[in-house]
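Structure first, then comments.
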Amino acid sequence: MSERILVVEDEARVARLVGEILRAVGYEVMTVANGKAALDRLAIERPDLILLDLMLPGDLDGYEVCRRIREFSETPIIMLTARAQENDLLRGFEAGADDYLTKPFSAKELVARVKAVLRRSQRPEETSTATWRCGDLTINFAQHSVQVAGHPVALTRTEYALLRELALHANRVMTHQDLLARVWGPEYRDDVDYLRAYVRYLRRKLEADPSHPRIIVTLAGTGYMLVCPDEGASA
Ligand code: CA
């Protein structure tokens, strides 16, 4: 069964082109032209991925649609935008987007990003039931759940994937390139902005004082390390 992609785009020409490109490589494509229609469609259909234009007509722009989708769905979202400012990228991630594609993009770029995001969302379930502990931080790899001092912390899929890589390599330096390749995929090795944004989100959720991190420390110009004095205690 082919994977299904919902395209939310008001420019008919772009929507048609994106549809043609994706159908040509075997995806099933549905198209809607505004945010309200996207939310309605999502409630009945279950696409595997959403391509969401940032500038949409009506009350709901792409950020708002993204936030509303994330209230009830983990379906991966790639934002389409004519802008390329770092601020927009960060705003998109904060709203819950998984990736970004700046217009104009080539057919090759579109297909590569779609494949990478689908691949990340379809990781096989972990079979390990081990609980990993480090100070106040507890990760249950089987349930993908995280607690700090006994309180559950809600992480997005990407936040969890990054934390998991850092934890599995605790007390070892993970370079920017290593982390990007492991969490996002090899074609993301140079997207250090993505990594910085997600380290910031994780610190906000995990650290007692996010501006003076003690769990995820920065190695300037190199990467990050999850510091764990009592590493690996598992139950
Ligand atoms: Ca638009």
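A quick note: this is a predicted structure, and the numbers were derived from the prediction, not measured. Both ligands and their constituent atoms are indexed starting at 1 by order of listing.
Within the cation-pi definition used here (under 6.0 Å to the ring centroid, within 45° of the axis), Arg200 does not qualify as a partner of Phe93.
Summary: OD2 is the N/O/S atom of Asp53 found nearest to the Ca ion (ligand 1).
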Next item on the list: Go through the steps to decide whether Gln122 and Leu118 satisfy the test side chain to side chain contact (heavy atoms under 4.5 Å, CB included), and finish with yes or no.
Entry: CA-CA 6 Å; Gln122 290 159 352; Leu118 282 170; 4.0 Å; yes

Next item on the list: Assess whether salt bridge (Lys or Arg N to Asp or Glu O under 4.0 Å) is satisfied between Asp191 and Arg113, documenting all intermediate values.
Entry: CA-CA 13 Å; Asp191 290 306; Arg113 288 277 146 144; 3.7 Å; yes

Checklist line | Full working for side chain to side chain contact (heavy atoms under 4.5 Å, CB included) between Arg196 and Leu90 | finding: CA-CA 10 Å; Arg196 284 205 191 97; Leu90 297 184; over 6 Å; no

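For residue Glu11, no N/O/S atom approaches the Ca ion (ligand 1) to within less than 3.0 Å.
For the pair OD1 of Asp10 and O of Met55, the angle whose vertex sits at the Ca ion (ligand 1) is 90° to 10 degrees.
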